[in-house]
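On a predicted model such as this, the values are computed, not experimentally measured, just so you know. A, B, ... follow the sequence lines: proteins, then strands. Residue 1 opens every chain.
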Number of protein chains: 2
Amino acid sequence: MKKKQVSLKDIAKEVGVSIATVSYVLSKGKDSRVSEAMSKKIREVAKRLNYQPNIIAQSLKSGTTNTIGLILADISNPFFANLARVIEDEAAKFNYTVIFGSSDEKADRSKQLVDFLSSRQVDGFIIAPCEGSEEQVRTLLQQNIPVVLIDRFFPKIPTDYVIIDNYESSYRVVEQLVRSGHQRIGMLAYTNRLFHMQERIRGYKTVLRDNGLTVEQERLGEISFADGKKETEEAIDIMLAADQPIDSIFFATNTLAIYGLKHLGKLNLKVPDDIAVVSFDEGEAFDFYYCPLTHVRQPLEEMGKAAVQSLSNRIKNPSTPQQAICLSAEVVVRKSSSVTIAK
Amino acid sequence: MKKKQVSLKDIAKEVGVSIATVSYVLSKGKDSRVSEAMSKKIREVAKRLNYQPNIIAQSLKSGTTNTIGLILADISNPFFANLARVIEDEAAKFNYTVIFGSSDEKADRSKQLVDFLSSRQVDGFIIAPCEGSEEQVRTLLQQNIPVVLIDRFFPKIPTDYVIIDNYESSYRVVEQLVRSGHQRIGMLAYTNRLFHMQERIRGYKTVLRDNGLTVEQERLGEISFADGKKETEEAIDIMLAADQPIDSIFFATNTLAIYGLKHLGKLNLKVPDDIAVVSFDEGEAFDFYYCPLTHVRQPLEEMGKAAVQSLSNRIKNPSTPQQAICLSAEVVVRKSSSVTIAK
DNA sequence: TTTTTTTGTTTAAACGATTAAGCATATATT
DNA sequence: AATATATGCTTAATCGTTTAAACAAAAAAA
């Protein structure tokens, strides 16, 4: 009736030796000084009883769990879902299990997750930090718990991190709109102070200035995370209703692009003829969109792998100097940023 | 330098009492017989030192981890990703953490995951079992480890499970094609012996027979999981090249639908005018498809919740009689199954 | 005052594994 | 034969927590 796993004790009793002997055979193999005959017997019984070591007990003894805590903004977002999968697979190669949770961009939720995972003794964290989570990261560092930030980072906190060059990528993708002759380029971004978002905005503004276009505050829509859909629609409506309506738009994330493209569809505006579009990120959803999108493709695979490797390094060697990895992203040019055919 | 968590011992030393006293105060609160003054002091020190209980140690002692092992076919599939999210959220309400992995429809991978999660002492499993995993499930049952199957189940194994009525759903969604006058209806299914897939096929065949249409073996494409994309394309090509080409098609899963719709696009066939379509499942991808799809909408929320509740019941009361939950799914009728306008 | 009960705290065992140290035997070295 | 070394196994401590049982001191009941 009782669910009782087979333990070293059970094997020891069955064979008639001490627990230690069994442990030596099963965990040390050849290196132990247990006789070959006894080893064989123990291994046989272990197999017969279907012994599985109790990892909880091993963890308690060793102080290590071979577990990584992964905190993402939102696991239902394909960008993070894919990143999670890459990290999971890569971590498996290092013999780590991943336990993760979504912060939903809320600092207090993120705090809960950090505490939860800490108490489960994860060996380290990979975190896509949300706004306001600086203190949590600092606390982990103070406790000497390894942390690697991913996708976003805090310039003032000396953590390991893996990011892409958001300024550069943003500059280059918006440049596509400029090149194809667009003059009134709008941008939709999330209204937060996270560095990566500010960098994307900086890239947008800089490329306009570099090309003699004016940066109009009304063309930069800042959307709250909580009510993204509605605010995106309103922002687009305003930009289109202006005296000088926008002729193209840059979406700073995939979720903004999805909200935005659906709205443009409702307004019966055709991409790229009525309005050109460029975006960050990709997703299966875009595969069915009638007009292939010019977008920034982030090197998810590389990012995930780098993060796991970086974390693994730090776990093994806590005194490694800070590792800051900045990858460059590819700009995929498609039809959605084309020149307007008839004007 | 050493990463050392604060333990009961540290608090005990600081306050000058035994470990047991600290434990009583922190875990029993009012129920303990520790004096109010001492309790207060201990709580203060615990707070000051930022004490977090070591869950690993608690688990070892209690033999329970408050953790659920979740094994899905493929976490990158939106159907499973959404199901996972529902389960995660529901489990959190019961104070359970979810650790999961994807079997990728491979029995040996699934076996690995079961062993892995077992050794981590999960309190129970929620599994969407793949073909050939019967023995794994039986073994868990024999060990009295709680298991709830989801999405799929084995009629011959008396487990708890949560599924939808696949036969009924399939019948009703294909019926839409029949009603709109389609006569040569193809189906794409995965080639496996799992009950849910067989039921979907049975629904398709039955509705044809019930309406005086012949069931042609050439119109039932059975696709292997490993090479789904290519085989889907070939199957569609064959069905279209036949003497009596199909006029409509039923995709048994969302992945098959995605492969299929992309291929129809390449062939320049318009839905529903050139070919009508119905499908199982949904996904953000379909939102951008030019023609809204008639499909079976599975009650993910209900399914996930039922699974967690069922598992929670069994964990608390292992001798509960078998709980078999079969939910009915909704058929969402859209344009893709409309009658062909011009023939 | 003596006995009983209550109150407040400690001791010790347990969960399952690891591992240094100990202790017999057996074998090798002088 | 005496000593050293190797072999094979056991003892016991440890990780951090929980909890029954023991114990001492204080309060209540006799």
Notebook entry, point to check: So, do R120(B) and T67(A) sit near enough that their side-chain heavy atoms are less than 4.5 Å apart?
Noted result: yes
Of all the choices, [options], which nucleotide is nearest to the side chain of [X] once you look at every atom?
X      : options                  : answer
I19(B) : dT18(D), dT19(D), dT9(C) : dT18(D)
L8(A)  : dA17(C), dC9(D), dA21(C) : dA17(C)
Y24(A) : dA21(C), dT9(C), dT10(C) : dA21(C)
R33(A) : dG8(D), dT11(C), dT19(C) : dG8(D)
S35(B) : dT19(C), dC9(D), dG8(C)  : dG8(C)
S27(A) : dC9(D), dG8(C), dT18(C)  : dT18(C)

Item checked: Main-chain N/O of Q5(B) paired to Q121(A) side chain as donor or acceptor, under 3.5 Å -> no
Next item on the list: Could you tell me whether the side chain of D160(B) and the main chain of V148(B) form a donor-acceptor pair under 3.5 Å?
Entry: no
Checklist line | For the student: nearest non-hydrogen atoms of L70(B) and I87(B), plus distance | finding: CD1-CD1, 3.9 Å
Please report, rounded to the nearest Å, how far the [atom2] atom of [N] is from the [atom1] atom of [X].
X      : N       : atom1 : atom2 : result
Q5(B)  : dG16(D) : CD    : P     : 10 Å
K9(A)  : dA13(C) : NZ    : P     : 13 Å
I42(B) : dG8(C)  : CD1   : P     : 13 Å
L60(B) : dT19(D) : CG    : C1'   : 15 Å
I11(B) : dG16(D) : CD1   : P     : 12 Å
N66(B) : dT18(D) : CG    : C1'   : 15 Å
D10(B) : dC15(D) : CG    : C1'   : 13 Å

Note to self: Let's test your reading of the model: under 3.5 Å, does the base of dT18(D) pair with the side chain of K61(B) as donor and acceptor?
What the structure shows: yes
Item checked: Identified side-chain contact (heavy atoms from CB on, under 4.5 Å) partner of I71(B) from the options I99(B), I126(B), I127(B) -> I127(B)
Margin query: For a quick check of understanding: with a heavy-atom distance under 4.0 Å over all strands, which category does S7(A) fall into, base, sugar-phosphate or nothing?
Written below: sugar-phosphate
Margin query: Categorize T21(B) for me: base, sugar-phosphate, or nothing, with a 4.0 angstrom heavy-atom threshold over every strand shown.
Written below: base
Check: For DNA chain C, what residues of residues 44-57 of chain B have any heavy atom nearer than 4.0 Å?
Finding: none
Note to self: So, does Q58(A) get its side chain near the phosphate of dT18(C), meaning an N or O under 4.0 Å from OP1 or OP2?
What the structure shows: yes
Checklist line | Carboxylate-amine/guanidinium proximity below 4.0 Å for R138(B) and E135(B) | finding: yes
Margin query: Can you see whether Q52(B) engages S118(A) through a side-chain donor-acceptor pair at a distance of less than 3.5 angstrom?
Written below: no
